[in-house]
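What you see below is based on every heavy atom in this structure, not just the backbone, and it leaves out hydrogens, waters and symmetry mates. What you see is a predicted model, and the numbers here were worked out from it, not measured in a lab. In what follows, every chain begins at residue 1, and chains take the letters A, B, ... in the order their sequences are listed.
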Amino acid sequence: MIGNLPFVVCMILVALGLWTLVAKRNLIKLVIGVGLIQNGVNLFLVALGYVRGGIPPIYTLAPAGAPMVLPTPQALTLTSIVIGVATTALMLAFAVVIYRHKGTLDARKVRELRG
Amino acid sequence: MTVVVRTITRVLFPIALAFGAYVIMHGHLTPGGGFQGGAVAASALAMVVVAFGAGSLAKRKGLLSGLESLGGVAFAALGFLGLGVTFFANVLAGAGGLFGNPVPYGPNPGDLNTAGTLPLMNWAVGFKVLAGLGAAVLLFALFGGEHDR
Amino acid sequence: MGTHAPILAIAVPLLGGFATPLVARISRVLRDFWVFAIALFVAVCVGFVAAQVFAHGVTVYVLGGRTPQETLAPGAFPIRIMLTVDGMSAFMGLIAGLLALVAFPFALRFIPEEEGKTLSFTLSLLLLAGIVGLAYTGDLFNFFVFLEVTSIAACGLIGFRTWTSRAPEAAFKTMLLYALSGLFFLMAVAFLYGEYGALNLAFLSRQLRGSALDRVALALFLSGLLLKVAAAPLHFWAPDAYGEAPAAKTLLLVVNTQVSLYGLWRILFTLYGGVLDAGVGWLVVAMGLLTMVVAAVMAVGQQDLGRLVAYGAVSQIGYMMLGVGVGLVTLAGRPDYALVALKGGVFHMLNDALTVGLLFLCVGAVEWVRGTRDLGELGGLGHGLPEVALFFLLASLALAGIPPLNGFASKILIYHGSFQLSPILTAVAVLASILLLAVFARAFQGVFLGPRVEVKPELPWSFLIPMIVSAVGIVVLGLVPGFFLEQVVTPAAEALWRGRHLYLAAVLGG
Amino acid sequence: MRGWLGVAAFLVAAGFLLFGAVALRPFGEPVWAEMDEHFNRFSQPEVAANNAVTAVVFDYRGFDTLGEATVLFAAVTGVALILRKVGK
């Protein structure tokens, strides 16, 4: 349990994001909730790649003999961060247009499409 | 925005662009790469949008989207370059010529002229991210600016 | 060309999508030609790949390897991303290619120039590339990336009509759920990576031992993909999305949903094929039943033609889930029934693509002529648009499973397979079909019957040809289903049924 | 009713995630790492790059990066499509 504390913290971050999605009704706050989940997952990915006592996996002027952390999770995180940026940008664009039409960001008031 | 902000932006704009270019250029040697460097350079554009208003860049919107398309096409084309072997094969690495120097095994000081297609892809992606993020910020700023409806 | 066909089917539309804004700056005619040529190229490529796979078994393509077939690193584990195309993937690719050939010509005249035609074509090409990529990839993280490509491109298209207030709302809702589904999927991949240090689907499938962590990952996979395929009770985004997107683009959204469903089958049958128990199969069956009933009931009260057809489309997802779910339940105990049910479920994907596609094309044509989709305002179009009325009737009957159309051919297999498991399942499925028939009969009456209404513009040929192609497909698949069942559907169903070891062997050897 | 369903779904999901985090191997001690060790060892001889992460991003998993660039492109295209001026 204690050894896994970083993973647990990442999952708590994800859970906070999920709670935001459940509890909040403001469109911007929903976007923030998705962002929280994204950050939690990204942190989780990076944490998976850590090796005790490891150095970055870069050979330029590296100290000899030290273990290197795993490179794949870093690459995956990079991809996932960019995807997160793209998602957030698109959702914010939708929120802006909805606000332009309705004058409100409250999800309960903008729901024209029910059922 | 105030004079202070504008002056600082004037000073920082070339520095941010240069730092972005450095991060892109050394992507295969030091921490960094196309995405990171592109994001750094795009922050320079965002700074301009904040300090001088979106109108100052409005005419460059077409340029930015064209640059983004070009970056994407260049990146995909570099993938096609390997099609003689397999898609995305790094045919330039270790082959002499452009970015083709071999690398000694283990820690070393680093040589810019290595890694084959990687630096080229870094540049393609760097321009793409710079143009893409810049265009996105600009579009938001332009849309928010016109309260005419 | 031969060995590179799988990657060309993905990379060429990607490149084409990047280049479309540049091509459009040169000339608009050239852009239309360019987009259509790329769609045609993709269709040819997926057809070629399918022929290859059906003839010679699973095809592997390693990206960046020294040869396309060298899958393993020296330590006998895969390190690079690879495309792994088996019968089911090839079948899914075929559907995508077919609908691209229908959707792209239709969109040429349907989307007016001043409404951002270039941008919508760019997104369509990227969506097409993402769909084919999802179908062909054999790497879990790559699957996630293409899931996000399709999500974002699809949501851009849903929000296309930004001057209405409903389209951005539907797009926001859909994007929120797509983002959530992608994140669930990514978390599952992260768990598996943390446990086994690998991302290749075949390699992970051999490693899985059914531990508690594997089950957590399975739950995350399931919740992510069930969100994306619009299975009830997570279906509420789909009618909005299908209804608000331009009709020509809705076809691609339908394929997008289907390919997510294919991803679910890939996870269940291939990744977890060795450790799965029947409980998951029952879950799929239950959600399939719920989806078809809920969607059919919700369709009754709809006043908007687009949303009504959208609910019909959602209900068909339920039939596919029922067929394949029954196959999953009976896979171990009664493999012969399982194969029948799987064939039904898989065949229904092709039929659904054609029928729902044709229905949405009809909706698009009606909307193009009258400028509205409200059932209260429409009526009497049968005199002015007899061909559209005929196509709508044909597709409605096929959707409800009336012989001798194609919907009947696949539904009878689903009924047959599910009857062996429990007659109640079949009864519910038949009842949902009858309800759908009633709903569509009302819609047909409301739109096409009634006093004559003058129709101003003639329907252009770019509308009629895709509709004729779909209609011919519906009739041919209904009249001679045996040929297609044998040549196309059976290899796909068998890839799910007993194909797991072939899939693993193609990647890992042995 | 709807609210309680949401709370229940949240609790189930959070429980699953926390359980998964606890059940995972200890932090900093990966059990299976052949793939990553291969990347660390061979990024110099195979790709001629000092930076193993860049080697993974652009060579070993380059196709992911192409997909990622596509996502960004699609998002910017989508934003341009949503925020365009039409139909006043």
Can you confirm whether more than 12 heavy atoms, excluding those of Tyr99(A), are under 6.0 Å from its OH atom? no

For Phe80(B), does the CZ atom have more than 12 heavy-atom neighbours from other residues, nucleotides or ligands under 6.0 Å away? yes

What is the minimum heavy-atom distance between Phe143(B) and Val97(A), and which atoms define it? CZ-CG2, 4.4 Å

Minimum heavy-atom separation for Leu133(B) and Val85(A), please, with both atom names. CD2-CG1, 4.0 Å

Please look at Ile81(A) and chain B and tell me whether the side chain, the backbone, both or neither of the residue comes under 4.5 angstrom of a heavy atom of that chain. neither

